[in-house]
Trainee: 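Can you keep this structure in mind? I'll have questions shortly.
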Protein chains: 2
Amino acid sequence: MALRGELQTGGIVRDGLSRQVADQLRAAIVEGRLKVDDRLPNEDGLAQHFGVSRATIREALKILAAQNLIRSRRGPAGGTFVSRPDPQGLGSAIADAAMLLVGTGDIGMEDMLTARAETEAVCCRLAARARTADDLAALRAELALQRDPTLRDEEFCASDLRFHRALVQATHNPPLKLMMYAVIESFIPVTNMLIYRDHERRLSVDLHEAITDAVAAGDGPRAAELMARHLEGMRGLLTATLDRRAAGPAV
Amino acid sequence: MALRGELQTGGIVRDGLSRQVADQLRAAIVEGRLKVDDRLPNEDGLAQHFGVSRATIREALKILAAQNLIRSRRGPAGGTFVSRPDPQGLGSAIADAAMLLVGTGDIGMEDMLTARAETEAVCCRLAARARTADDLAALRAELALQRDPTLRDEEFCASDLRFHRALVQATHNPPLKLMMYAVIESFIPVTNMLIYRDHERRLSVDLHEAITDAVAAGDGPRAAELMARHLEGMRGLLTATLDRRAAGPAV
DNA sequence: ATTAACCTATTTGTCAGACCTTTTAATCTT
DNA sequence: AAGATTAAAAGGTCTGACAAATAGGTTAAT
C-alpha cells in the first residue's frame, strides 16, 4: 500500500483531521506513491486505514478534489482516482484568484498593463519562432472578425481575447502557456472592460494585424515592439479615462 | 442576505449538492455580495438556507477553504469568514500543480528553460527601474552566501531560489509577481535539481553578481541580456548532462 | 443466438442526530 | 477589581442509515 497512516492526535495539532488526511494523500500523490489514474481504496477502507470516520475522509477527499488532484465516480467500477493534472483547471483557478485580487485593489491597472506588455511581448518573440500555419490561420480568423464594424462590443472583446489566446498558443511552450493563463483569463478581460468603451477598435485591430504579420514573417523583435506600443496606447487611454472620471462625475 | 438558494435537484444534474453549494457561495464572493472578512451564517444556518444537511454544507465549505476563499474558527466569536485572497497561497497551489505537470512529463526541460530565460529577463528589466536599496541589499546578501565554497549544494540551491525571489520582488509589480510564482516555486527547483550536480557554481554566482550590478545601475537591457546568457549556459549543461547519461549508464 | 429487460452488488452521495473540543463572555467569588 | 468558574456558541468528529448511480451478470422473450 502506498499510504501511511499516522495522524497526530495529541499535542500542538491545530484542528483538522480532515486536513491531515488530505495532506497525507496529497503527499502520496506528489511524491509519486500514487500515480495518475490509480484508484484509492473506497471511503470505508480509507476511514479504517486512517482510523477516522467516513465523514472526515469525505471532507479530505473534497479538499483534494477542489485542487483537481482526484476525481470520484459512483458505482461498482467507480471509486476515487488520481487525476491527471490539467493546465486548464489550474489556469481557471489562477484566473479566479487574479480576478479577486483585482477586485480587492491588490492589483492595480498600471501594473497590470506593464505586466501584460512585457509578457505578451515575450509571447510575440517566441511565437515568431515557433508558429505554425494553423496558428497564423487562427490569428487571422480573429482579425477578420474584428474588422466587422457591426460587431457588438461584447463580441469584439471576446474575439480580442481569443486573439491573445492564439498568440500564446503559437509559442508552443507549455510552461509559458501555464503562466499566461493569469493574463489571458483575468488581466485581459479586466483591462478590456475599462478601455473598450472608448471605441478605439480600429487602431487596436491595425496593431493586431501588424503583430500577426510580424509573427508570420518570423520577426520577433518587431512583433514584440508592436505589442509594447499597443499596450502603451492602452495605458494612455486608461489615464485619459481616469482623468475624465475624476474631473466630471457625470451621470 | 447576500445568498441565493435555488439548488437544482432534478433534471440533468451530475451529482454534487456540495459542489452546487460551493459554487453559489463562490459566486457570492467573487461577485462581491460577500466581502472580505464578512461572516457567513453558521453551518446550521447555511444548511437550513440551502435546504441540505450540515454534512453537505461542511463538504462545500471544505472546497472553498481548499481554494483559500474562506477560513473557519471555533467558538462563539468564531464562524466562517471570507478570506482576503493571498498571492502566497495561490502561489504554492500553482507551484504544486506545476511540479506535478513536470513530473508527468507534460512540461519539458527545454521549454522550461526558455520560459525562465524570457520571463526572468523581463523581471530584470523591470527591477532595474523599480528596485529599492532594500532590494539590492537582499540580492547582495544572497550573493555573499553563495560565495562561500563550503556551502552544501542543498543550501546553495536554496540561496539561489531566494536570489531569484528577491529579483522578482524588486520589480514591485504584483501581477507579475503572481505569474512568477510558477517559475520561482516550481521551475527553478526542478532545473536546479538537474543541473547543480555539475558544480558550476562559480560561473553562476559571477553572473548573478553581474546581474545585480546591472540592476543596481538601472541598466535593464544589460541585466536582461546577462540573465539570458545565464539560462543559455544552463541549457548547455542540460544537453551535456543528458548526452552523458544517454552514453554511459554508469553506476 | 441475440437482444432486451431486470436484478444485484458496489461505491459514492446525502441525511439526521449525537457528542466532543475550542473559544468567548458573562457571572460568581474573593 | 482581579481572578476563577461556568454556560453558551460554534466548528469538528462520529455513527448509522438510506438514496442514487452504475457495471455486470441473469433471465426472459424474440
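Protein chains get the first letters and strands the later ones, always in sequence-line order, with residue 1 at the start of each. On a predicted model such as this, the values are computed, not experimentally measured, just so you know.
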Trainee: Take B:Gly75 and A:Ala55, find for each the nucleotide of DNA chain D with the closest heavy atom, and name the residue whose nucleotide sits nearer the 5' end.
Mentor: B:Gly75
Trainee: So, OP1 or OP2 of C:dG13: does either fall under 4.0 Å of a side-chain N or O from B:Thr56?
Mentor: no
Trainee: Across the strands shown, which category fits B:Arg73 at heavy-atom distances under 4.0 angstrom: base, sugar-phosphate, nothing?
Mentor: sugar-phosphate
Trainee: How many whole angstroms separate atom CG of A:Leu61 from atom P of C:dT14?
Mentor: 13 Å
Trainee: Closest-nucleotide mapping onto DNA chain C: is A:Asp44 or B:Ser53 further toward the 5' terminus? I mean the 5' end.
Mentor: A:Asp44
Trainee: Between C:dC15 atom P and B:Glu43 atom CD, what is the distance in whole Å?
Mentor: 14 Å
Trainee: Nearest 0.5 Å, what's the CZ-OG1 distance between B:Arg73 and B:Thr80?
Mentor: 10.0 Å
Trainee: Spell out, as yes or no, whether a donor-acceptor pair under 3.5 Å connects the side chain of B:Arg116 to the backbone of B:Glu120.
Mentor: no
Trainee: Whole angstroms only, please: what is the NZ-C1' distance between A:Lys62 and C:dT14?
Mentor: 10 Å
Trainee: With respect to the phosphate group of C:dG13, does any side-chain polar atom (N or O) of A:Arg58 fall under 4.0 Å of OP1 or OP2?
Mentor: yes
Trainee: Mind calculating the distance between CD1 (A:Ile63) and C1' (D:dT13) to the nearest angstrom?
Mentor: 14 Å
Trainee: Counting only side-chain N and O atoms of A:Ser18, is one of them less than 4.0 Å from OP1 or OP2 of D:dT13?
Mentor: yes
Trainee: In whole Å, what is the span from the CD atom of A:Glu59 to the P atom of C:dC15?
Mentor: 14 Å
Trainee: Taking the side chain as C-beta and beyond, is there a heavy-atom pair between A:Thr132 and A:His172 under 4.5 Å?
Mentor: yes
Trainee: At under 4.0 Å between heavy atoms, what does A:Arg39 touch on the DNA or RNA strands: base, sugar-phosphate, or nothing?
Mentor: sugar-phosphate
Trainee: Just how far, in rounded Å, is C1' of C:dT10 from CZ of A:Phe81?
Mentor: 12 Å
Trainee: Would you please confirm or rule out a distance under 4.0 Å between OP1 or OP2 of C:dT11 and any side-chain N or O of A:Ser72?
Mentor: no
Trainee: May I have the distance from A:Leu17 (atom CG) to C:dT21 (atom P), rounded to whole angstrom?
Mentor: 12 Å
Trainee: So does A:Asp111 get a backbone contact from the side chain of B:Asn173, meaning a donor-acceptor N/O pair under 3.5 Å?
Mentor: yes
Trainee: Given the structure, check if the side chain of A:Arg54 and the base of C:dG13 hold any donor-acceptor pair shorter than 3.5 Å.
Mentor: yes
Trainee: Could you tell me whether the side chain of B:Asp38 and the main chain of B:Lys35 form a donor-acceptor pair under 3.5 Å?
Mentor: yes
Trainee: Using whole Å, what does the distance between atom P of nucleotide C:dA9 and atom CZ of A:Arg74 come to?
Mentor: 19 Å
Trainee: To the side chain of B:Ala77, which of C:dT12, D:dT13, C:dT24 is closest?
Mentor: C:dT24
